[in-house]
Structures are given as structure tokens and as C-alpha cells.
S.K.: 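Mind having a look at this structure? Questions to follow.
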Amino acid sequence: MHDIRAIRDNPEAFEQALNRRGLHGLTSQILSLDSDRRARISAAENAQAEQNKASKEVGAAKARGDEAEFERLRALVAQTKSDIATMQAEAADLDARLRDLLLGIPNLPLDRVPDGADEDDNVELRRWGNPRAFDFPPKEHFEIAGVRPGMDFETGAKLSGSRFVVLKGGIARIHRALAQFMIDLHIDKHGLEETWTPVLVLEDMMLGTGQLPKFGEDSYLTREGYWLIPTAEVTLTNTVHGDLVDHATLPRRMVAHSQCFRSEAGSAGRDTTGMLRQHQFEKVEMVSITDAESGLAEHDRMTRCAEAVLEALELPYRTIILCTGDMGAGARITHDLEVWLPGQDRYREISSVSYCGDYQARRMNARYRPEGGGKPEFVHTLNGSGLAVGRTLIAVLENGQQADGSVVLPQVLRPYLGGATRLSAEGVLS
RNA sequence: GGAGACGUGGCCGAGUGGUCGAAGGCACACCCCUGCUAAGGGUGCAGACCCGAAAGGGUCUCGAGGGUUCGAAUCCCUUCGUCUCCGCCA
């Protein structure tokens with residue numbers, strides 16, 4: 001959510017920044033609502049001040065036993081009461097409308113974010129690793145002989161419908177090993193705090209990180225009113241929801257391995273084969289809560305944390321910076337990591353690392369007191385995948401596949417696989 | 001699921017119809033004293049919003065929403081959250 005005062009102080013800059021997001025004319029709408037709102041508030045407050053004054057005099061009159069004056073003032077107060085209620089209602093209505101409008105407006109891109117309409121305008125920052133040269137046509141993950149016994153889409157569909165999968169045997173173990181490896185790397189090498197959170201949350205948390213009010217159809221809502229988190233960003237970030245945290249505890253760097261649930265409304269027909277896009281998947285998520293000064297540096301640090309996972313797994317990738325049109329609503333800048341998938345012969349998103357500034361913090365009302373005292377300031381929040389586990393599984397399988405249908409696995413997974421380094425063409429670890 | 005209790009400022013915790021935005025403690029900031037792995041004294045210190053160049057003034061907020069009342073942290077209703085006991089259960 002945006003700071004109305006910042007918009008008032010510099011409407012041109014705000015409008016220009018929104019234009020880069022493809023939004024036009026919102027600023028004048030906001031300002032006009034805001035001035036109406038303030039006029040109403042002033043009127044209501046002045047009326048209230050008068051009533052408060054009269055109320056005090058009522059008490060004084062009563063105390064000195066002046067019944068006539070008491071009755072006169074009482075009647076006066078009663079009379080102005082309904083007027084005040086009307087003015088207050090109007091002010092509250094305008095305030096709510098302004099808030100709703102502001103809640104629906106995306107964050108402002110930083111200057112360094114490239115302008116663009118869609119993913120074609122994203123800018124590559126760097127590449128790591130060389131895609132392997134195959135002496136046979138590489139297959140997609142679900143076509144590889146060694147994978148097929150352990151990746152059961154039929155049973156997944158029977159149990160839960162499309163976009164669900166059942167993993168078995170060696171595949172299930174590799175999947176689990178990947179998640180364990182990632183968490184260990186982040187806590188042992190990167191200094192993040194391992195965190196375990198609920199996957200069902202209250203509605204206010206979804207508002208806090210920005211999934212609501214605009215993107216509710218992307219997530220699942222239970223009968224009891226709980227939302228299933230689409231990412232642990234929701235729970236990790238909202239750990240400071242409503243808090244005034246001690247500055248000395250910043251930055252807070254957390255990592256969680258969680259189930260994620262997405263309805264994938266709007267992506268019907270995309271990535272329908274394989275387990276690239278599922279309704280339920282696992283992700284290792286990183287979240288940092290920082291102060292205003294260190295947010296951007298933290299963004300680079302977090303990007304490095306995610307890149308380190310891919311490098312340890314020997315998976316070629318590229319890091320791109322998303323253009324204004326491709327960036328999520330809450331972000332001021334986003335780095336995507338795209339891993340090389342030889343079966344698809346292209347790079348695919350496997351991590352997204354975003355710096356949100358104080359956008360989420362305003363929604364959550366999460367603040368810290370600056371060092372040496374002073375007014376509380378909003379924290380800055382960052383989130384990034386480190387990494388999407390299912391997609392990492394795909395990348396490991398496709399990049400390690402052999403002509404005979406077996407798969408050579410990354411060395412770093414060995415301790416997590418009972419010493420195994422290969423998945424045979426029959427789907428057995430060895 | 002049954003019964004009950006609770007929700008106050010950064011934290012703890014008093015306060016049961018007006019003099020309460022709210023005692024006291026802790027934490028924090030500054031000052032004084034003292035002098036060394038401590039302690040003592042003083043002062044300040046909730047947030048949001050509105051008006052104002054500022055000084056300053058005003059409004060609201062004691063989980064949230066509504067009600068009673070001239071007046072609500074305090075009484076009533078609803079709701080969210082938390083806790084305890086019982087039941088069930090991984």
C-alpha cells in the first residue's frame with residue numbers, strides 16, 4: 001500500500017511511476033478522493049470538538065446543581081449528535097474508498113527496473129554454467145525412462161484431479177533430498193533461521209502480503225475461512241504483522257520449507273504435462289525483514305543465496321531482472337532465476353527474488369523504532385524462492401539424463417540419498 | 001464439540017461509568033552523581049489522523065464492530081484472537 005502523503009507531496013512522480021506499470025490517471029482519482037475525505041474529516045472533527053466541549057459543560061452544570069442549564073445543554077448535545085454521525089459516516093466511507101483504491105495499486109518500480117510489457121522485455125543480468133551437449137535428443141522429465149515409474153500422474157489425477165502427482169520410490173526420495181539439501185545450505189552456509197509455519201492462515205495475512213484483495217481467485221479458501229498459502233512468503237513475512245519490532249533484531253533472515261497451494265486460475269492449458277505447474281507443490285522460501293537502509297543490499301544477498309543452490313546442484317541458469325510489465329504487484333524490483341531445461345531446450349523460472357520496500361509493511365502495519373529513538377518506521381520486506389523444489393527436481397532429472405534412460409545425480413545430494421549417485425533406467429537409486 | 005476466563009501503551013501491569021490517553025514497573029533517550037565488570041538521582045518517552053509555514057490546536061484509539069448514556073477502558077450485544085478444564089484425536 002502507498003503512503004497517501006507521499007502521493008500528495010509528489011503526485012507527478014507517483015503518476016509517472018504508475019505509468020511505467022501501464023496504469024494511467026489513478027493519481028488524480030486518488031488526490032480528489034483524498035481532498036474530499038479530508039474535508040469531511042475536518043468537518044466531523046470540528047463538530048465533535050464542539051460537542052465534547054458542551055458535554056464537559058453538562059457535567060459541570062450537573063455538578064453545581066444548575067438543573068436548567070443542565071437540561072438545556074443536554075438537549076443541545078442530543079441535537080447535534082445525529083449531524084455528527086452523518087458526517088462521520090461520510091468521512092469513513094471516503095476513507096474506506098481511498099484505502100480500497102490504494103490497496104489495489106501495485107508497488108512502484110525502482111528506476112533501474114527496465115520498462116516493458118511482458119516477459120520478452122526482461123533483461124538478462126548474468127549466466128552461470130554451460131548447458132550440457134547431448135549426443136542424443138534430451139527428453140522432458142516425464143519422458144525419461146528412469147523417471148516414469150516414480151512420477152505417477154494417473155494416480156495423482158485419480159486422487160485429486162488434474163495438476164496433481166504422486167511421487168514414488170527413488171523420485172520421491174530425490175524430491176525430499178532436494179528440500180533437505182536446500183534448507184541445510186541456507187541455515188549452515190547463509191545464516192538464515194530455519195522456520196516452520198502453518199499453511200492455513202487468516203484472511204488478514206493474505207491482505208498483508210498482497211494476495212488479497214485483488215488476487216483471491218489464485219488461492220484456495222476453506223469453508224472455515226482459512227486461506228491455504230500460495231507460498232511461505234505469506235507466513236514468514238507476516239510473522240511481524242502488526243508488530244513494532246526492536247531494530248536490533250533486524251535483519252531477520254528466515255527460511256522455510258512448505259507446501260504451497262495455487263489454483264492456477266488463468267493458466268489453463270499452460271504446462272499441462274509434467275509437474276512443472278501443480279496445484280500443490282513444495283518450495284523452500286526465504287524472507288528477510290530489514291530496515292529501510294539495508295533493503296536493497298539484502299536483495300542482492302538473497303539473490304546470491306538462491307543462485308548458490310543452483311550452483312551447488314551444477315544446474316546451468318541465468319539471472320534476469322523482470323521488466324515493469326512482468327513484475328508482481330508487491331515488488332519494487334525482482335530477480336528471476338531461470339534454470340536450463342534441456343528437454344524444453346530453454347530456461348524456465350525456478351526462483352523469484354523480490355524487494356518490496358515498505359509496501360507489504362504498510363499493509364501489515366509492521367514497524368521498527370529507529371536506533372536512538374524517534375518515530376517508528378515501516379520495515380522493508382524481501383522474499384525469494386530458494387528454490388521451488390518440484391522444478392528443481394525437474395531440472396536435476398533433465399540435466400542429468402543419460403542415453404539409456406538413467407539419470408546421474410548431483411554429488412551434493414549423495415548424503416541425502418543413502419550414498420546413491422544415479423537413478424537407474426528402472427527408477428532405482430544406486 | 002461442552003464449560004469457563006481473558007484481550008490496556010515497545011514489554012509487563014493497575015484501573016469497573018465523568019476528574020483516564022490511562023498509575024506503577026521494565027526498556028529506551030538525555031542530564032547529574034559516582035566511579036568500574038555495578039548502582040543511585042532527575043527529565044522525557046503511545047500511535048494514527050485533521051488543521052497550521054511553524055509554534056501549536058483538534059479528533060480518534062484500552063483486540064475489532066455495534067449499542068446503552070449528557071458522558072464508556074469500565075455496562076450490553078456481535079465478532080476475531082488467546083488461554084484453562086473436559087471430550088475427541090495425529
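Convention: sequence-line order gives letters A, B, ...; per-chain numbering from 1. This is a predicted model, so every value here is computed, not measured.
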S.K.: Quickly work out the L94(A) CG to C49(B) P distance and round it to whole Å.
M.R.: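 Nearest whole value for this atom pair: 17 Å.
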S.K.: Nearest-Å distance, CD (E203(A)) to P (A64(B))?
M.R.: 18 Å
S.K.: Would you mind reading off the distance between M364(A) atom CE and A48(B) atom C1', rounded to a whole angstrom?
M.R.: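 In whole Å, A48(B) C1' lies 18 Å from M364(A) CE.
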S.K.: Please confirm whether the shortest side-chain N or O distance from Q48(A) to OP1 or OP2 of G58(B) is below 4.0 Å.
M.R.: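 Answer is no, no contact under 4.0 Å.
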S.K.: So which atom in V199(A) and which in Q259(A) form the shortest heavy-atom distance, rounded to 0.1 Å?
M.R.: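 So the two residues come closest at CG1-O, 3.8 Å.
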S.K.: Considering Watson-Crick and G-U wobble pairs with both distances under 3.5 Å, what does U69(B) pair with?
M.R.: none
S.K.: Do H241(A) and M205(A) come close enough that some side-chain heavy atom pair is under 4.5 Å?
M.R.: yes
S.K.: Please state the C1' separation for the pair C62(B) and A46(B) - nearest whole angstrom.
M.R.: 11 Å
S.K.: Does any nucleotide pair with A29(B) by Watson-Crick or G-U wobble geometry, both distances under 3.5 Å, and what is it?
M.R.: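 Per the H-bond distance test, U43(B).
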S.K.: Rounded to whole angstrom units, what separation is found between the OH atom of Y368(A) and the P atom of G47(B)?
M.R.: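 Checked: the OH to P distance equals 15 Å.
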S.K.: Could you check, using the six-membered ring where one of them is a Trp, whether H2(A) and F14(A) have ring centers closer than 6.0 angstrom?
M.R.: yes
S.K.: Taking for each residue the nucleotide of RNA chain B bearing the nearest heavy atom, is the 5' side occupied by R367(A) or by A39(A)?
M.R.: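 Closest to the 5' end, via its nearest nucleotide, is R367(A).
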S.K.: What distance, rounded to whole Å, do you find between the two C1' atoms, one in C77(B) and one in A72(B)?
M.R.: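 These two C1' atoms come out 15 Å apart once rounded.
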S.K.: Do the side-chain N or O atoms of R5(A) get closer than 4.0 angstrom to the phosphate oxygens (OP1, OP2) of C49(B)?
M.R.: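 Checking C49(B) against R5(A), a side-chain N or O does come within under 4.0 Å of OP1 or OP2.
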S.K.: Taking C30(B) as the reference, what is the distance to A22(B) when you measure between their P atoms (whole Å, please)?
M.R.: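 Approximately 26 Å lies between the P atom of A22(B) and that of C30(B).
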S.K.: Strictly by Watson-Crick or wobble contacts shorter than 3.5 Å, is anything paired with U79(B), and which nucleotide is it?
M.R.: G63(B)
S.K.: Compute the centroid of each ring, for F164(A) and then for H279(A), and state whether the two points are separated by less than 6.0 Å.
M.R.: yes
S.K.: For C50(B) and R8(A) - does any side-chain N or O of the residue sit under 4.0 Å from the phosphate oxygens OP1/OP2?
M.R.: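 The answer is yes; a side-chain N or O of R8(A) sits under 4.0 Å from OP1 or OP2.
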S.K.: What is the distance, rounded to the nearest whole Å, between atom CD of Q88(A) and atom P of U59(B)?
M.R.: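 Distance, rounded to whole Å: 12 Å.
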S.K.: Is there a Watson-Crick or G-U wobble partner for C20(B) with both distances under 3.5 Å, and if so, which one is it?
M.R.: none
S.K.: Looking across every strand, which nucleic acid part, if any, lies under 4.0 Å from R362(A) by heavy atom: base, sugar-phosphate, or nothing?
M.R.: nothing
S.K.: Strictly below 4.0 Å: does K375(A) bring a side-chain N or O up to OP1 or OP2 of A48(B)?
M.R.: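 For K375(A), the contact criterion (side-chain N or O under 4.0 Å from OP1 or OP2 of A48(B)) is met.
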S.K.: Side-chain N or O of R369(A) versus OP1/OP2 of C28(B): is the shortest distance under 4.0 Å?
M.R.: no
S.K.: Taking the P atom of each, how far is A14(B) from A23(B), in whole Å?
M.R.: 14 Å
S.K.: Looking at P213(A) and R363(A), what are the two nearest heavy atoms and their distance?
M.R.: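 Closest approach of P213(A) to R363(A), heavy atoms only: CD-NH1, 4.3 Å.
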S.K.: Say you pick atom P in G63(B) and the same atom in C11(B); how far apart are they, in whole Å?
M.R.: 13 Å
S.K.: Give me the ring orientation class for Y355(A) and H380(A): parallel if the planes are under 30° apart, tilted from 30 to 60°, perpendicular past 60°.
M.R.: tilted
S.K.: May I ask you to evaluate whether R40(A) reaches the phosphate of C50(B), defined as a side-chain N or O under 4.0 Å from OP1 or OP2?
M.R.: no
S.K.: Sticking with atom C1', work out how far C89(B) lies from A5(B), rounded to a whole angstrom.
M.R.: 24 Å
S.K.: Just name whichever nucleotide pairs with G1(B), Watson-Crick or G-U, keeping both distances under 3.5 Å, else none.
M.R.: C86(B)
S.K.: CG of D243(A) versus C1' of G10(B): gap in Å, rounded?
M.R.: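 So the CG-C1' distance, D243(A) to G10(B), works out to 10 Å.
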S.K.: Give the rounded distance in Å between these two atoms: CD of E377(A) and C1' of G10(B).
M.R.: 16 Å
S.K.: Distance check, C1' atoms only: G81(B) and C28(B), in whole angstrom units.
M.R.: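 Rounded to whole Å, the distance is 29 Å.
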S.K.: In whole Å, what separates the P atom of U79(B) from that of G1(B)?
M.R.: 13 Å
S.K.: Are side-chain heavy atoms of D152(A) and V165(A) found at a separation under 4.5 Å?
M.R.: no
S.K.: What is the distance, rounded to the nearest whole Å, between atom CZ of R38(A) and atom P of A48(B)?
M.R.: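 Computing the R38(A):CZ to A48(B):P distance gives 17 Å.
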S.K.: Using heavy-atom distances to pick each residue's nearest nucleotide on RNA chain B, tell me which of L202(A) and L244(A) is more 5'.
M.R.: L244(A)
